[in-house]
Amino acid sequence: MEHDEGRQASQNLADAMRRIIARLALVRPPVDQLNRAADAANAFADSLDDLPERSQSWEVSEAGLLPRDFVGHSPVSGANNPIAPPLRMRVVGDPEGENHIEGDIVYGPAYEGPPGHCHGGWVAATFDELLGFVQLAPGFTAYLKVDYRAPTPLNTPLSLRGWIESVEGRKRLIRGTCHNGETLLSEAHGLFIAPRDGEDYKQRLGLT
């Protein structure tokens, strides 16, 4: 219960910070208001400096390297990370018995590149996250190619899908798409490499 309360409190803070980041991309507060906010933020940061840092094993888990580990502190999908949009993902089973990932995302004004549209680098980061989670197991990006078919609008619910195209030994070829309704905005394919030895890999990272 305490762990759940802590996670929820962390998400509440991240949501508030995300609102601040989004508004600061759009408005210019008075100098005195900015200075007061900066003083309060620095005081909070100073209090955080006195706390113990999280362990290595929790760090790795929160990076999403465990099977089906949709976790809070990813910089792209983490609900507890204020720099994340965030990307929401879920595992979906196909009738043929194969799993794929579906997701949704809304890019706010903090992610603007071209006027009114998302920065392409964030689109690429989203695909890296999506395709990585398709594996449902540890695996590292070796190659990622993104084709931008149309500009990605801000403040618009977008849908994503990712699936494994083929597996050859430790190599996994994975594809993904991003749509605005029926419009294909972008698509990606990537090569991901599984660790040489999953159990040894976990031991080296302190997961067992």
Side-chain angles (χ1 to χ4, degrees), residues 7-29 33-34 37-38 41 62-65 68-92 99-136 139-141 143-165 174-192:
R7 184 179 289 269
Q8 184 59 56
S10 177
Q11 183 173 336
N12 291 342
L13 175 60
D15 287 341
M17 295 175 67
R18 200 174 285 116
R19 285 185 60 199
I20 293 171
I21 292 170
R23 292 304 296 167
L24 286 177
L26 297 173
V27 302
R28 296 295 179 265
Q33 186 178 356
L34 288 173
E62 290 291 88
L65 296 179
R68 297 176 181 262
D69 193 13
F70 301 103
V71 290
H73 288 277
S74 162
V76 180
S77 62
N80 293 350
N81 190 331
I83 70 172
L87 165 66
R88 310 292 188 182
M89 295 179 288
R90 55 197 172 274
V91 180
V92 179
N99 288 319
H100 66 274
I101 297 294
E102 292 182 356
D104 54 81
I105 194 168
V106 176
Y107 296 105
Y111 307 97
E112 187 173 42
H117 296 86
C118 181
H119 191 291
W122 271 102
V123 175
T126 299
F127 274 121
D128 189 43
E129 187 90 340
L130 177 76
L131 272 57
F133 273 115
V134 168
Q135 304 171 89
L136 299 178
F140 301 97
T141 311
Y143 171 85
L144 179 68
K145 182 178 185 294
V146 180
D147 292 310
Y148 300 90
R149 305 301 185 187
T152 303
L154 299 178
N155 304 313
T156 304
L158 307 176
S159 59
L160 300 108
R161 189 175 189 273
W163 65 95
I164 293 179
E165 189 169 69
I174 306 177
R175 301 190 71 90
T177 58
C178 177
H179 283 80
N180 177 15
E182 298 299 319
T183 302
L184 175 64
L185 300 178
S186 51
E187 55 187 328
H189 66 271
L191 171 64
F192 292 76

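Since we're looking at a predicted model, the values are computed, not measured.
Under a cut-off of 6.0 angstrom, the local environment of NE2 in H119 is sparse, with at most 12 non-hydrogen atoms contributed by other residues, nucleotides or ligands.
Distance check: I101 CD1 to E129 CD gives 11.0 Å after rounding to the nearest 0.5 Å. The structure places CZ of F133 at 4.0 Å from CE of M89, a figure rounded to the nearest 0.5 Å. With rounding to the nearest 0.5 angstrom, the CG atom of L87 is 5.0 Å from the CD1 atom of I105. Going from atom CZ of F127 over to atom CZ of R175 covers 10.5 Å, rounded to the nearest 0.5 Å. Within the model, atoms OG1 of T177 and CD of E102 stand 9.5 Å from one another, a figure rounded to the nearest 0.5 Å. For the atom pair SG of C178 and CG of D147, the computed distance is 13.0 Å after rounding to the nearest 0.5 Å.
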*Intermediate values then yes/no, side chain to side chain contact (heavy atoms under 4.5 Å, CB included), H189 and Y143*: CA-CA 8 Å; H189 66 271; Y143 171 85; 3.8 Å; yes

*Could you please spell out the steps behind the side chain to side chain contact (heavy atoms under 4.5 Å, CB included) verdict for D104 and R90?*
CA-CA 9 Å; D104 54 81; R90 55 197 172 274; 3.1 Å; yes

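Using a 4.5 Å cut-off on side-chain heavy atoms (C-beta onward), S10 and H73 make contact. Contact of the L13 side chain with the P82 side chain is not registered, since no non-hydrogen atoms from C-beta on lie closer than 4.5 Å. The shortest side-chain heavy-atom distance between C118 and L154 falls under the 4.5 Å cut-off.
Residues P85 and P75 share a closest heavy-atom pair of CD-O, 4.3 Å. The two residues A150 and L184 have their closest heavy-atom pair at CB-O, 4.2 Å. Closest approach of A84 to S77, counting heavy atoms only: CB-N, 4.1 Å. The two residues G78 and P86 have their closest heavy-atom pair at O-CB, 3.9 Å. The nearest pair of heavy atoms linking Q33 to P29 is OE1-CB, 3.9 Å. Residue A79 comes nearest to D15 through the heavy atom pair O-OD1, 4.3 Å, listed as atom of the first residue, atom of the second, then distance.
Under a 3.5 Å cut-off, the side chain of R149 and the backbone N or O of T183 do not form any donor-acceptor pair. When atom types are taken as modelled, the side chain of R18 and the backbone of N81 share a donor-acceptor pair closer than 3.5 angstrom. The closest donor-acceptor contact from the side chain of N80 to the backbone of Q11 lies under 3.5 Å. Using a distance-only test at 3.5 Å, with no hydrogens or angles considered, no donor-acceptor pair links the side chain of T126 to the main chain of A124.
In this pair, W122 and Y111 present their aromatic rings perpendicular. The plane angle is above 60°, beyond the 30 to 60° band.
Applying the side-chain contact (heavy atoms from CB on, under 4.5 Å) test between H100 and each of I174, I164, V92, V134 identifies V92 as the sole match.
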